[in-house]
Colleague: 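I have a structure here, written as structure tokens, and I will follow up with some questions on it.
Lettering of chains follows the sequences in order, A, B, ..., and the numbering in each one begins at 1. Computed from a prediction, not measured in an experiment: that's the story for all the values here.
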Amino acid sequence: MNLKLRIWRQKNSGAKGYFQKVDAKGISPDMSFLEMLDVVNEELLAKGEEPVIFDHDCREGICGACSLVINGVAHGPERGTTTCQLHMRHFKDGQIIVIEPWRASAFPVLKDLAVDRGAFDRIIQAGGFVSVGAGGAPDGNAIPVSKNSAELAMDAAACIGCGACVAACKNASAMLFVAAKVSHLAALPQGQVERAARVERMVAQMDQEGFGNCTNQFECQAVCPKEIGVWFIAKMNKEYLKAKICQ
Amino acid sequence: MCLKFLKSSVGRKYLMAVTGVFLLGFVVAHMLGNLQIFLGPEALNSYAEHLQNLPALLWPARAVLLGAFILHVGVSISLAIENRRARSIPYACGATVEASYASRTMVMSGLIILAFLIYHLLNFTFGVTHPRFFHLVDAKGRHDVYSMVILSFRELPVSGAYVAAMGLLCLHLSHGISGLFQSLGLAGAMPALKRAGAVIALVIFAGNSSIPLAVWLGWLKAVGGGSVE
Amino acid sequence: MSLDAKVPLGPLAEKWDKRKFELKLVSPANKRKVDVIVVGTGLAGASAAASLAELGYNVHAFCFQDSPRRAHSIAAQGGINAAKNYQNDGDSITRLFYDTIKGGDFRAREANVYRLAQVSGNIIDQCVAQGVPFAREYGGLLANRSFGGAQVSRTFYARGQTGQQLLLGATQALERQIGLGRVAMHPRTEMLDLVVVDGHAKGIIVRDLVSGKIGAYAADAVVLATGGYANVFYLSTNAIGSNVTAIWRAHKKGAFFANPCYTQIHPTCIPVTGDHQSKLTLMSESLRNDGRIWAPKKQGDRRAPGDIPENERDYYLERKYPSFGNLAPRDISSRAAKEVCDEGRGVGQSGRGVYLDFAEAIRRLGKAVIKERYGNLFDMYQKITAENPYETPMRIYPAAHYAMGGIWVDYHLMSSLPGLFVLGEANFSDHGANRLGASALMQGLADGYFILPYTIGDYFASHKKPRPAADQAEFKQGEAEAGERVKKLLSIRGRRSPVSFHRELGRLLWEYCGMARNDRGLRKALAAIPSLREEFWKNVNVLGDGDGLNSGLERAGRVADFLEFGELLCLDALTREESCGGHFRQEHQTPEGEARRDDAKFCHVSAWEFKGVGQAPVLHKEPLAFENVSLTERSYK
């Protein structure tokens with residue numbers, strides 16, 4: 001199949017970007033979206049043009065590195081799918097495909113389609129952990145954890161930190177990411193000691209990073225490759241209030 | 001500490017939700033009061049007089065409402081400005097997967113409702129726009145709210161603007177009501193809450209719009225007794 | 001340089017305790033003055049960096065990904081082993097030790113493996129305390145499953161995302177230390193070289209991938225936890241960025257490279273669909289618990305699987321290995337699939353695939369049970385292949401997956417180059433010639449949480465040399481060399497992309513040094529690689545400049561190192577004239593086609609010393625003494 005691509009190109013974070021028109025020819029429907037871009041890059045290189053920069057690594061939907069807004073939708077048209085797991089059979093021959101980077105002031109573009117998601121790491125640094133050093137942990141079975149709590153924690157912990165929630169949110173809010181981590185640790189007995197401080201610090205850091213605010217539009221859960229529900233945002237809101245009241 | 005809480009993104013969600021609850025409560029109460037118009041002039045006018053005779057209740061309620069209103073509008077504007085700043089470069093090709101039309105137009109619907117509200121107050125509370133109808137009194141010498149409403153609504157622009165504003169209010173509430181549960185951390189099954197929000201919003205729309213509609217269908221008529229003071 | 005493994009004397013079970021007492025300590029006040037570089041933030045690197053920082057050392061951590069959380073440990077699906085015996089099914093430290101030694105075909109160091117089994121339980125405790133959401137039973141206790149042919153249930157898991165959850169636990173511990181200012185994190189920074197001062201590893205040369213700036217970092221010791229080299233095969237289950245550069249550079253600076261020919265080929269991956277393929281996706285081994293593997297009996301049978309009657313199907317694993325059947329170890333299952341395809345009985349468009357069929361399991365257990373057990377894997381398969389595995393059998397084929405070989409390390413995880421410690425998949429230590437399922441995560445975390453923090457202190461306490469400054473001559477020279485190399489790559493402007501060289505190298509190695517190897521093929525590869533390398537340096541095309549993100553440049557640098565490393569891989573495979581674990585020499589097999597070890601001649605670790613590109617490396621042998629287990633022929637019949 002042949003496709004008409006409109007790819008965002010930007011030399012560096014300070015430069016002005018533009019859309020480059022590229023025709024992708026002879027694309028197999030079995031290719032992943034990134035493999036299609038590989039083909040495009042090989043062709044650009046052969047023509048003496050610089051290949052398109054995009055983030056990717058594991059290409060099996062778990063590392064969270066890949067990050068493209070495809071025709072206006074983060075990770076493209078398939079629900080619950082990262083860009084690296086999106087296959088070209090979901091596109092039509094001759095289709096125009098607009099490819100943009102995550103757009104959020106807190107995720108500045110580094111080059112072309114690659115953005116800096118360091119803000120997420122700083123949010124985790126603020127409190128997204130249980131403060132236990134190696135060595136002193138009690139036996140793994142010392143504290144029973146109900147199956148429901150473990151499953152709930154896992155539902156939230158499935159987040160791959162790709163940032164699609166921010167990219168899709170009309171306000172570039174990071175609530176779903178933060179809520180997932182807060183909910184994961186709040187669901188487990190091991191997370192109780194720092195429960196209140198964690199949510200306070202993580203929210204404070206999130207605000208400081210310049211993300212927008214949640215207006216309950218739920219675009220985030222629609223694009224989340226791990227289909228993490230906005231229910232967790234409600235949970236975080238409650239956690240935050242509880243933390244502030246207990247204070 | 002409290003101020004810091006209220007300034008945080010989550011804290012302001014709470015503010016929007018809590019002030020929204022107050023405003024929603026007012027809208028519902030106001031509608032129930034207004035619907036007494038179907039019980040005839042006696043019911044409505046005495047209800048209005050009652051309210052006027054309870055300044056100890058009326059003024060604090062008005063103050064709270066005004067406060068809630070100012071906060072609701074003020075916070076939403078601050079959020080809207082921040083949200084715009086959070087995405088300084090918009091998508092060239094934007095798409096929407098899940099966000100409802102109502103949720104995407106909250107600021108716009110809110111601002112139009114604000115404009116309408118000012119007009120509405122000038123019309124029915126301060127009597128600026130239609131002083132002719134404002135100074136009616138009924139047979140018992142009370143402020144003739146009943147006639148004022150009906151006579152006002154007999155003018156097409158007035159009732160038209162009213163119904164249109166109720167439509168926007170309905171849109172605004174359909175998202176606002178489901179969203180406030182989410183914001184307050186009370187969200188259960190989201191689809192059910194979404195439906196509940198839409199149903200409540202529609203009931204309010206139907207209830208309020210029924211009055212101008214009834215006026216135009218001739219079900220409600222200004223009865224004798226109303227006279228200009 | 002000697003190959004002293006520094007294994008403590010005394011009974012196996014007491015060695016580690018004894019050594020822990022013998023190790024010198026660094027006082028808390030002095031730890032503050034010690035800097036450590038940790039390269040790589042997977043399970044081994046993140047756990048090491050966090051643990052060292054917790055102890056009070058100043059840590060500089062580096063990863064080429066944009067965040068430490070994205071290291072490829074994240075993709076491990078199945079689980080992590082630990083000798084907890086929570087299931088009361090007869091597991092013990094000794095049994096885990098024995099299974100690991102035997103699974104590795106008796107080519108690992110006893111003492112290391114025993115220690116691994118000893119600390120395995122602490123890992124689970126640590127991870128639970130960190131909030132890793134392991135699967136639980138209804139009573140609230142930890143759940144286990146049996147995995148990878150083990151006869152006890154000792155595998156802990158978090159759905160199909162165990163690696164992800166363990167890595168999040170470890171990187172969260174790391175992020176905590178970053179927040180506390182104990183670790184300086186350098187993401188999107190790639191190590192290009194190791195700096196050796198007076199015979200000790202004292203720093204690294206890096207390229208900041210965003211600014212393109214080449215810089216030097218000095219420290220009191222360098223820890224490499226940079227993963228395996230399976231991407232030398234081009235197509236593998238590894239992440240695209242996984243590479244050999246860090247350990248290859250360390251090897252070139254004096255660290256011995258051990259057993260590079262021990263590469264694991266995973267039997268259950270989704271087959272290749274075409275030239276465009278950039279990586280292979282693993283389907284968890286757990287599928288083999290209920291799926292039956294078969295191929296048509298007839299050659300070139302192009303019928304749809306459903307049209308092939310039962311009596312024309314060959315359930316070859318069940319036929320050849322009646323007691324283990326579809327659960328035979330990875331190396332054996334992989335080779336069997338290759339044989340079937342070599343006979344022309346492979347399925348799918350390419351003919352390189354066999355069926356993994358759930359029809360019988362669905363009949364027996366019902367679709368709902370299968371969906372509950374494997375739903376996410378089935379979905380993933382369907383996403384990639386657009387075929388519904390509930391209705392038509394999956395097609396699978398082996399793919400390069402894991403590198404048992406790596407930098408040679410002693411019992412302290414220190415390489416032959418003092419001050420250079422190597423952890424996790426990057427070292428050679430614990431898996432011998434074949435790694436068992438759910439053991440990689442165990443090793444990475446054991447090294448980082450519970451071994452290195454003890455042993456590295458002994459190095460600091462024994463070698464009190466002042467830390468060199470990062471503007472010392474050795475560092476300046478390293479920076480200049482790395483800069484030259486970047487410039488060179490950018491100036492060739494040839495006609496072939498770095499990827500095309502990588503693909504060609506991969507094909508060569510997969511063909512001649514993949515699942516089955518022989519003298520002729522290996523010699524062919526050894527002749528072909530140098531000329532490919534030569535062509536690379538004349539004809540590679542890297543555009544753009546060095547001062548910014550440049551994925552072509554990054555790839556080219558990695559491919560250049562693979563082109564050197566590939567030769568060592570083949571040479572090691574040629575030299576090891578026996579079959580063991582992941583290394584199968586066709587000349588050395590039993591009449592039934594099983595691997596035949598040669599314990600008399602090859603019961604040793606082959607540790608290679610670098611002598612220059614294109615020069616023959618020198619082989620050092622570390623004899624493997626088995627005092628506690630008797631060497632038997634691995635039989636899964």
Side-chain angles (χ1 to χ4, degrees), chain A residues 11-12 28 30-31 34-35 38-39 42 45 48-51 53 55-65 81 85 87 89 110-111 114 116-118 120-121 124-126 128-134 137-141 144-147 150 153-154 157-158 160-161 184-185 188 190-191, chain C residues 47 50-51 54 65-67 69-70 72 74-75 84 86 124-126 128-131 133-142 158-159 161 164-165 168 172-173 175-176 178-179 187 210 239-241 273-274 276-279 281 383-384 386 449-450 453 497 499 541 543-544 548-549 551-552:
Chain A
K11 181 102 182 101
N12 54 49
S28 151
D30 285 330
M31 286 180 188
L34 298 185
E35 284 168 344
D38 289 343
V39 171
E42 289 284 290
L45 184 66
E49 290 179 50
E50 264 197 72
I53 300 288
D55 273 319
H56 63 104
D57 201 24
C58 78
R59 296 207 178 187
E60 51 184 285
I62 193 75
C63 77
T81 305
Q85 296 277 285
H87 284 73
R89 62 180 79 97
L110 295 172
K111 187 172 181 179
D116 178 4
R117 285 168 288 192
F120 270 11
D121 286 338
I124 298 294
Q125 281 156 31
F129 47 74
V130 179
S131 298
V132 286
D139 186 87
N141 265 346
V145 179
S146 80
K147 194 175 168 73
M154 186 61 219
I160 57 175
H184 158 208
L185 295 173
L188 295 169
Q190 287 80 10
Chain C
S47 59
S51 305
E54 285 159 14
Q65 296 91 345
D66 72 328
S67 163
R69 67 179 288 154
R70 306 206 199 285
H72 197 55
I74 204 153
K84 282 283 199 185
Y86 282 158
I124 301 304
D125 302 341
Q126 181 62 27
V128 167
Q130 286 171 342
F134 283 121
R136 298 271 171 174
E137 303 291 354
Y138 280 102
L141 301 185
L142 289 156
R159 294 201 190 139
Q161 291 121 282
Q164 181 202 24
Q165 293 310 313
L168 291 182
Q172 280 164 207
E175 296 286 7
R176 173 171 162 247
I178 298 169
V210 177
I240 301 293
T273 57
H276 55 78
Q277 191 105 23
S278 61
K279 84 155 267 158
T281 304
K383 229 172 234 177
I384 294 172
Y449 284 133
F450 298 113
S497 69
V499 170
N541 186 12
L543 293 180
L549 274 177
S551 51

Colleague: Name the member of A:Leu34, A:Ile53, A:Ile124 that forms the most heavy-atom pairs with chain C at distances under 4.5 Å.
Modeller: A:Ile53

Colleague: For chain A, find which of C:Pro133, C:Ala50, C:Ser51 contributes the most heavy-atom pairs closer than 4.5 angstrom.
Modeller: C:Pro133

Colleague: Output all residues satisfying side chain to side chain contact (heavy atoms under 4.5 Å, CB included) with C:Thr273, sequence neighbours left out; order by chain, then residue number.
Modeller: A:Asp30, C:His276, C:Gln277

Colleague: Which of the residues A:Arg89, A:Gln190, A:Lys11 is involved in the greatest number of heavy-atom pairs with chain C at under 4.5 angstrom?
Modeller: A:Arg89

Colleague: At a heavy-atom separation under 4.5 Å, does C:Gln130 approach chain A through its side chain, its backbone, both, or neither?
Modeller: both

Colleague: Any side-chain donor-acceptor pair under 3.5 Å between A:Ser131 and C:Arg176?
Modeller: yes

Colleague: Need one label for A:Glu50: side chain, backbone, both or neither, based on atoms under 4.5 Å from any heavy atom in chain C.
Modeller: both

Colleague: If you count heavy-atom pairs under 4.5 Å with chain A, which of C:Thr281, C:Asn541, C:Leu168, C:Ile124 comes out on top?
Modeller: C:Asn541

Colleague: Taking side chain as everything from C-beta outward and backbone as N, CA, C, O, which of these in A:Leu188 sits under 4.5 Å from a heavy atom of chain C? Side chain, backbone, both or neither.
Modeller: side chain

Colleague: C:Arg70 side chain to A:Gly161 main-chain N or O, any donor-acceptor pair under 3.5 Å?
Modeller: yes

Colleague: Heavy-atom distance under 4.5 Å to chain C: side chain of A:Ile160, backbone, both or neither?
Modeller: both

Colleague: To the nearest 0.5 Å, what is the distance between OG (C:Ser67) and CG (A:Asp57)?
Modeller: 11.5 Å

Colleague: Between atom CD1 of C:Ile384 and atom NE2 of A:His87, what is the distance when rounded to the nearest 0.5 Å?
Modeller: 5.5 Å

Colleague: Which pair of non-hydrogen atoms, one from C:Lys279 and one from A:Glu60, has the smallest distance, and what is that distance?
Modeller: NZ-OE2, 2.6 Å

Colleague: Taking all non-hydrogen atoms of both residues into account, name the closest pair between C:Gln172 and A:Gly128 and its distance.
Modeller: CG-O, 3.1 Å

Colleague: For C:Leu142 versus A:Asn141, what's the shortest heavy-atom pair and its separation?
Modeller: N-OD1, 2.9 Å

Colleague: At a heavy-atom separation under 4.5 Å, does C:Ala386 approach chain A through its side chain, its backbone, both, or neither?
Modeller: both

Colleague: Hey, does the side chain of C:Asp125 reach the backbone of A:Ala137 with a donor-acceptor pair shorter than 3.5 angstrom?
Modeller: no

Colleague: Identify which part of C:Ser497 has an atom lying under 4.5 Å from any heavy atom of chain A, answering side chain, backbone, both or neither.
Modeller: both

Colleague: I need the minimum non-hydrogen distance between C:Gly131 and A:Val130, along with the two atoms involved.
Modeller: N-CG2, 4.5 Å

Colleague: Quick one: does C:Gln65's side chain have a donor or acceptor within less than 3.5 Å of a partner on A:Ala65's backbone?
Modeller: no

Colleague: Which atoms form the tightest heavy-atom contact between A:Ala114 and C:Leu549, and what is the distance?
Modeller: CB-CD1, 4.0 Å

Colleague: With only heavy atoms counted, which part of C:Gln126 is less than 4.5 Å from chain A, the side chain, the backbone, both or neither?
Modeller: both

Colleague: Go through C:Arg159, C:Gln165, C:Glu137 and name the one with the most non-hydrogen pairs under 4.5 angstrom from chain A.
Modeller: C:Arg159

Colleague: What part of A:Arg59 is in contact with chain C, defined as an atom under 4.5 angstrom from a non-hydrogen atom: side chain, backbone, both or neither?
Modeller: both

Colleague: Please flag which part of C:Tyr86 lies under 4.5 Å from any non-hydrogen atom of chain A: side chain, backbone, both or neither.
Modeller: side chain

Colleague: Would you say the side-chain atoms of A:Glu35 and C:Ser278 include a donor-acceptor pair closer than 3.5 Å?
Modeller: yes

Colleague: So for A:Ala126, is it side chain, backbone, both, or neither that comes closer than 4.5 Å to the heavy atoms of chain C?
Modeller: neither

Colleague: side-chain contact (heavy atoms from CB on, under 4.5 Å) between A:Cys58 and C:His72: does it pass, once the steps are laid out?
Modeller: CA-CA 7 Å; A:Cys58 78; C:His72 197 55; 3.9 Å; yes

Colleague: Listed by chain and number, what are the salt bridge (charged side-chain N to carboxylate O under 4.0 Å, His left out) partners of C:Glu175, not counting sequence neighbours?
Modeller: none

Colleague: Give me the atom names and distance for the closest heavy-atom approach of A:Ala158 to C:Gln161.
Modeller: CB-NE2, 3.9 Å

Colleague: Assess whether side-chain contact (heavy atoms from CB on, under 4.5 Å) is satisfied between A:Asp139 and C:Lys84, documenting all intermediate values.
Modeller: CA-CA 10 Å; A:Asp139 186 87; C:Lys84 282 283 199 185; 3.0 Å; yes

